[in-house]
Amino acid sequence: MIDLTKGFSRRQFIASTSCFGAFYAVAKLITLPAMAAEVSSDSRVSQIPIVDKGFASVRKIGNGLYATISDPSKGNTTLCNGGFLVGKDAALLVEGFLSAAGASFQMDALRLVSPVPVKGALDTHYHFDHSMGNAFYGANGVPIWAHAATPKRIVENYAPLQGAEKEAVLGSFEKRIKDAKSETERAHAQSDLNAITGVYLIANASVLALPNHPLDPAKLPMKFDLGGLTAVVESFPGHSGTDIVTRVPDQNVVYAGDLLFNGWYPVCFDEKATISGWRETLKKFAAFDKDTLFVPGHGQICGQDGIASIREVFDDIAGQAEKMYKAGVPVEEAQHRYAVPDKFKNFPVFAWGFTIGPAITKLYAEWKGM
Ligand SMILES: [Zn+2]
């Protein structure tokens with residue numbers, strides 16, 4: 001119990017936000033691989049992180065540029081990746097993370113390297129693991145920037161979970177386990193239940209805090225002048241309908257948010273996710289300079305190899321789905337039939353119904369609509 005009479009110590013704060021057993025069970029299977037040799041030998045990338053708490057570490061990846069990389073197997077305080085950009089006059093934080101403690105952790109890391117005022121924190125999109133820590137920014141007077149649709153989508157998706165009966169939220173997922181027609185379908189349904197249980201618990205443990213600086217996609221790209229360091233924010237389609245990318249063109253560094261899952265199966269469940277749009281976006285990323293460093297939303301820092309790899313994953317899903325589509329396999333069946341090839345067998349699948357299943361459903365819908 002937290003004794004409010006003694007104040008709210010940092011230690012208690014962190015302890016109270018990291019007890020999501022069901023979610024941790026999913027996350028702890030997701031280990032962070034080492035950086036690829038081309039990345040760790042890149043002169044922009046520091047060998048030694050400025051801070052490493054297990055659940056995340058922060059390291060320099062450019063002049064005034066830092067990446068926060070999460071290792072879900074060691075804790076879910078942050079869960080997603082982020083980072084910060086520090087100029088002579090101001091700093092920009094990237095991501096709201098899974099918890100206020102996660103946002104606080106990154107702010108502390110910024111303060112290890114610079115005392116400059118914080119111009120803002122940017123949520124790359126509305127998803128819970130990138131926005132549930134926003135309350136930390138609210139409490140500290142840090143403006144929160146995000147795609148203009150982000151506040152609405154946070155409210156629509158997470159407010160209904162708060163105070164809801166667990167059964168009302170999880171019932172349909174439990175029913176799918178009972179009704180499964182095969183062991184494969186049952187395993188997929190179980191992975192979805194584990195994930196949604198985590199989202200439910202996290203939404204109920206969080207204070208929703210909404211971005212107060214909307215970025216109208218029609219008015220992007222926009223430049224952030226931080227003093228000798230210019231960041232360009234822009235919007236691309238694909239993952240969530242609210243995706244914002246931060247680029248530092250002078251240094252070929254890109255904070256990609258969840259438009260890039262490096263070494264993971266991409267999360268495609270969002271009603272605004274578009275597979276063709278996402279693949280187009282990745283094609284644009286592939287056309288960026290060959291020396292571009294990418295900070296993905298999840299997974300290790302990478303170069304163009306990471307873009308090539310997620311494009312291959314999409315090609316593989318689309319290839320298998322197209323064969324089934326042409327053979328007349330119904331979509332209900334096709335979404336469970338995808339076989340993970342050997343070369344991607346170490347790629348985490350966060351939950352089948354959040355990744356591969358909806359990718360196939362959406363591809364079918366795109367082909368039907370043609
Ligand atoms: Zn996401």
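Atoms within a ligand are numbered from 1 in the order they appear, just like the ligands themselves.
- Of the N and O atoms on the side chains of His125 and His147, not one donor lies less than 3.5 Å from an acceptor on the other residue.
- The two residues Tyr255 and Val253 have their closest heavy-atom pair at CE1-CG1, 4.0 Å.
- Judged purely by distance below 3.5 Å, without hydrogens or angles, the side chains of Thr78 and Ser70 pair a donor atom with an acceptor atom.
- A salt bridge does not link Arg111 with Asp108: every distance from a Lys NZ or Arg NE/NH1/NH2 to an Asp or Glu carboxylate oxygen is 4.0 Å or more.
- A donor-acceptor contact closer than 3.5 angstrom links the side chains of Tyr338 and Asp316.
- Counting only protein N, O or S atoms, 4 lie closer than 2.8 Å to the Zn ion (ligand 1).
- Taking the six-membered ring where the residue is Trp, Tyr158 and Tyr126 present tilted rings, their angle falling between 30° and 60°.
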